[in-house]
Amino acid sequence: MTLPLVLASASEIRRQMLLNAGVSVEAIPARVDEAAIRASLCAEGAPPRDIADALAEAKARKIGERHPERLVLGCDQVLAFKGEVFGKPIDLDEARAQIRRLSGDRHTLLSAAVLYCDAKPVWRHVGIVRLTMRTIGEAYLDDYLVRNWDSIRHSVGGYKLEQEGARLFSRIEGDYFTVLGLPLLELLSYLTLRGDIPG
């Protein structure tokens, strides 16, 4: 890869994962109306996998069309629970409501990644992880939200597994990187096969 991979996202954790894996990366956040795209697809009855993929592609396409000479990565993550797709909580009350609903039950995180090159998609993958949340006490929940709100306000489900959010769970089935928002191992395999990174 002669030029750094473009990450069409403001996500610091995704950028750091790529850097830690030895991938040169430049972040150029894509401004797309995620809520409108999600609402439209939910209204059509689209499955969570398709919603995650569509959101990731919208970001990759927006930046990929402006920089067709670059390899552009779009990512998105959705949380699916009993037929409903959760968005990022808009305030503390919504974060509290999300965690209360997930408490003592199992939900699914779907992390989609789409690569654009020459202004068209060349690779896509949706990683799936199932998480079982322990039953969360009200007093702990209130304290947790106050302590962590600045960090979790941009995370579906109101948690970050790499932080105190790990304490909310009793079981995780799937890839840790996918929980963080990027199917990193699959992406690295593809970049190696393409010859973009040595392997």
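Residue numbers start at 1 and run along the sequence shown. Atoms considered below: every heavy atom in the structure, side chains included; atoms not considered: hydrogens, waters and symmetry mates. This one's a predicted model, so the numbers in the text were calculated from it and none came from an experiment.
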task = For Q98 and G157, indicate whether the former's side chain and the latter's backbone hold a donor-acceptor pair under 3.5 Å.
result = yes
query = How close do Q163 and S151 get, heavy atom to heavy atom, and via which atoms?
reply = OE1-OG, 2.5 Å
request  = Give the minimum heavy-atom separation between A58 and I37, together with the two atoms involved.
outcome  = CB-CD1, 3.9 Å
request  = Sequence neighbours left out, what passes salt bridge (charged side-chain N to carboxylate O under 4.0 Å, His left out) with R130? Give chain and number order.
outcome  = none
ask   = How close do S9 and A27 get, heavy atom to heavy atom, and via which atoms?
value = O-CB, 3.7 Å
ask   = Taking a hydrophobic cluster as the set of Ile, Leu, Val, Met, Phe, Trp and Tyr residues connected by side-chain heavy atoms closer than 4.5 Å, whether directly or through intermediates, do M133 and L131 fall within one such cluster?
value = yes
Check: residues 40-48 side-chain donor-acceptor pairs under 3.5 Å, at least two apart:
none

note = In this structure, CG of D143 is separated from CD of E164 (nearest 0.5 Å) by 9.0 Å
message = Restricting to ring-ring contact (aromatic ring centres under 6.0 Å, His included), what partner residues turn up for Y159, sequence neighbours left out?
response = H107, F169
note = Value for CG (L187) from CZ (R14), rounded to nearest 0.5 Å, stands at 11.5 Å
note = Nearest heavy-atom approach of V72 to G64 is CG2-CA, 3.8 Å
ask   = When you measure from the side chain of Q77 to the backbone N and O of V179, does any donor-acceptor pair fall under 3.5 Å?
value = yes
query = Nearest heavy-atom pair of E12 and R15: which atoms, and what distance?
reply = OE2-NH2, 2.9 Å
inquiry  = Under the criterion side-chain contact (heavy atoms from CB on, under 4.5 Å), I'd like the reasoning laid out for I128 against R49: C-alpha separation, chi angles, the key distance, then a yes or no.
reply    = CA-CA 9 Å; I128 299 173; R49 181 187 189 94; 3.5 Å; yes
ask   = Would K88 and E94 pass as an ion pair if we require N to O under 4.0 Å?
value = no
message = To the closest 0.5 Å, what do you measure between OG1 (T132) and CG (D105)?
response = 8.0 Å
query = Going from CD on E138 to OG on S103, what distance comes out if it is rounded to the nearest 0.5 angstrom?
reply = 8.0 Å
message = For a 4.5 angstrom cut-off between non-hydrogen side-chain atoms, does C75 reach L7?
response = yes
message = Just verifying a value: how many Å separate N148 CG and R153 CZ, rounded to the nearest 0.5 Å?
response = 12.5 Å
query = Going only through I, L, V, M, F, W and Y residues with side-chain contacts under 4.5 Å, is there a path from W123 to L55?
reply = no
query = Do L145 and I99 pass the side-chain contact (heavy atoms from CB on, under 4.5 Å) test, and can you show the C-alpha distance, the side-chain angles, and the key distance before you say yes or no?
reply = CA-CA 10 Å; L145 289 169; I99 293 173; 4.1 Å; yes
key: Test salt bridge (charged side-chain N to carboxylate O under 4.0 Å, His left out) applied to D50 - qualifying residues, sequence neighbours left out   = none
query = Quick one: does L102's side chain get under 4.5 Å of I136's, heavy atoms only?
reply = no
remark   = Here the pair of heavy atoms bringing G158 nearest to Y144 is O-OH, 2.8 Å
remark   = The complete set of side-chain hydrogen bond (donor to acceptor under 3.5 Å, both in side chains) pairs with one or both residues in residues 179-195, sequence neighbours excluded, reads R194-D196
Check: E34 and K59 side chains under 4.5 Å, non-hydrogen atoms = yes
query = Is any side-chain heavy atom of L18 closer than 4.5 Å to a side-chain heavy atom of L182?
reply = yes
query = CG/L188 to CZ/F177 distance, rounded to the nearest 0.5 angstrom?
reply = 8.0 Å
key: Sub-4.5 Å side-chain heavy-atom contact between L71 and L115   = yes
task = Decide yes or no for Y116 and H67: does some side-chain heavy atom of the first lie under 4.5 Å from some side-chain heavy atom of the second?
result = no
ask   = Do you reckon L141 sits in the same ILVMFWY cluster as I152, going by side-chain contacts under 4.5 Å, direct or chained?
value = yes
ask   = Please walk me through it: do V25 and L19 pass side-chain contact (heavy atoms from CB on, under 4.5 Å)?
value = CA-CA 7 Å; V25 62; L19 288 173; 3.5 Å; yes
task = Consider only side-chain heavy atoms of I, L, V, M, F, W and Y, link residues closer than 4.5 Å, and tell whether L168 and F86 are in one cluster.
result = yes
Verify same cluster id: L185, L193 (apolar side-chain graph, 4.5 Å) = no
message = Is there a side-chain contact between R61 and V114 in this structure, where contact means two heavy atoms from C-beta onward sitting under 4.5 Å apart?
response = no
ask   = Listed by chain and number, what are the ring-ring contact (aromatic ring centres under 6.0 Å, His included) partners of F81, not counting sequence neighbours?
value = none
inquiry  = Any non-hydrogen side-chain atom of R70 less than 4.5 Å from a side-chain atom of I63?
reply    = no
